[in-house]
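Please read the structure below before turning to the comments.
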2 protein chains.
Amino acid sequence: MLSNSSKYALKAVLYLGINSSEEKKVLSKEISDRTNIPKAYLSKILQPLSRHHIVSSVRGPGGGFYLSKENRAVPLIDIIHIIDGDHRLTSCLLSLKECNAEHPCPLHDLVGDTKVRFVKNLEGTTVEDLVADIEAGRSFLPL
Amino acid sequence: MLSNSSKYALKAVLYLGINSSEEKKVLSKEISDRTNIPKAYLSKILQPLSRHHIVSSVRGPGGGFYLSKENRAVPLIDIIHIIDGDHRLTSCLLSLKECNAEHPCPLHDLVGDTKVRFVKNLEGTTVEDLVADIEAGRSFLPL
DNA sequence: TCTTTTTTATGATATTTATCATATTCTAGG
DNA sequence: CCTAGAATATGATAAATATCATAAAAAAGA
Ligand code: FES
Ligand code: FES
């Protein structure tokens, strides 16, 4: 459903959501240490996120990664699209060219509605929504 | 969500559900040709299915694969468990040790209920149920 | 301007998954 | 029994993912 890389991306972004701010930047090494994401792999994931303005970064001393106001308003689906592309989530479980209700594969009805709803949720939920959940103790970021 | 191997397994079993019977056995080559599953890969997938009595087989001239009455009553989840093991489907999206509502990860509520329902559906649906759907034109097996 | 700190970029290795190829065993029929 | 047709078992290769390592670029401070 989600690639390992997407999981890491989401974890890293959420970690930044909780622990960073414009004033308090965070080193990739800290993210790596705290989330158990391999350091170099994490770097490779943060790059496209940075390029696409999902996270903010400055280099040099005192630099690091952080989430700006705008970053926090990004819908989760954007993160997944950047890392996994936009086909993985919506593709047919049995690899029909297209997943739609007019020409459904045998599994479509077993999952269809639920998959669509998940995608909708990813579109309608932002990073700050999840950060709020975590900070309110409604959910827990795996560390 | 489902591995490629599971997709192939389901496709192959459904193909047999439609095209085989105790009297009309089907060669693995035919399955491979019709479903575009690579021949040797398919063989490797059919073996554990045969061992676990998901499909029936006889070797030698006139032999092949087919689905018995009992095979048709197998719930879909069994096929997936044999191929993917029983963790892949139920594991946490963000790789918490366990996915449960008491200690949910930030994504849990975006998908949780729906994932549980999908698994329930896989447990409650048998091969013959899906075959009936296909034969009634309610769904389509990718060929 | 030099050094240090950090991200960014690129390439190499390892692991997993998918695919291919070949040898072995079983079974029916002559 | 002998042969041929089939599944079964095992091992080898290829491709995709995940991981590691290193070099380059930018920014800050002395
Ligand atoms: S058509 Fe296969 S999951 Fe929708
Ligand atoms: S706890 Fe992560 S999906 Fe349920």
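Naming: A, B, ... by sequence-line order, numbering from 1 per chain.
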- line: In whole angstroms, the gap separating P of dA26(D) from CZ of Phe65(A) amounts to 16 Å
- prompt: Roughly, in whole Å, what's the span from CD in Gln47(A) to P in dT8(C)?
  reply: 7 Å
message: Can you tell me which nucleotide in dT19(D), dT7(C), dT8(D) comes closest to the side chain of Tyr41(A)?
response: dT19(D)
Distance, rounded to the nearest Å, where Leu27(A) contributes CG and dA26(D) contributes C1': 16 Å
message: If you only use heavy atoms from C-beta on, which nucleotide in dG11(D), dC20(D), dA18(D) is closest to the side chain of Ser5(A)?
response: dA18(D)
message: Using whole Å, what does the distance between atom C1' of nucleotide dA6(D) and atom NZ of Lys29(B) come to?
response: 14 Å
field: First of Arg59(B) and Arg88(B) reached from the 5' end of DNA chain C, by closest nucleotide
entry: Arg88(B)
- prompt: What pairs meet the side chain to side chain donor-acceptor pair (under 3.5 Å) rule with one or both residues in residues 42-54 of chain A, with sequence neighbours excluded?
  reply: Ser50(A)-Ser57(A)
- prompt: Has Tyr8(A) got a side-chain N or O lying under 4.0 Å from the OP1 or OP2 atom of dA18(D)?
  reply: no
message: So, taking the atom named NE2 in His87(B) and the one named NE2 in His81(B), what distance separates them when rounded to the nearest 0.5 Å?
response: 10.5 Å
message: Can you measure Leu46(B) atom CG to dA6(D) atom C1' for me and round it to whole angstrom units?
response: 13 Å
query: Out of Ile80(A), Ile45(A), Leu89(A), which residue meets the side chain to side chain contact (heavy atoms under 4.5 Å, CB included) rule with Ser6(A)?
result: Ile80(A)
Nearest-nucleotide pick for Ala40(A), side chain only, options being dA18(C), dG11(C), dA21(D): dA21(D)
field: Closest nucleotide among dA9(D), dT7(C), dC20(D) to the Lys44(A) side chain
entry: dC20(D)
query: Choosing from dT8(C), dC20(D), dA7(D), which nucleotide comes nearest the side chain of Ser57(B)?
result: dA7(D)
- request: Round to the nearest Å and state the distance from Ile45(B) atom CD1 to dA9(D) atom C1'.
  value: 15 Å
query: Expressed in angstrom and rounded to an integer, what is the separation of Asn4(B) atom CG from dA15(D) atom P?
result: 15 Å
task: Starting from the 5' end of DNA chain C, give me the residue, Ser50(A) or Pro61(A), whose nearest nucleotide shows up first.
output: Pro61(A)
- request: Please report the C-alpha distance between Leu107(B) and Leu130(A) in whole Å, then the side-chain angles of each, then the deciding distance to 0.1 Å, and finally whether the side chain to side chain contact (heavy atoms under 4.5 Å, CB included) criterion is met.
  value: CA-CA 8 Å; Leu107(B) 295 188; Leu130(A) 292 192; 3.8 Å; yes
- prompt: Would you say the side chains of Glu23(B) and Tyr66(B) form a donor-acceptor pair under 3.5 Å?
  reply: no
statement: Rounded to whole Å, CG of Asn36(B) lies from C1' of dA18(C) at a distance of 16 Å
Under 4.0 angstrom between Arg51(A) side-chain N/O and dT7(C) OP1 or OP2: no
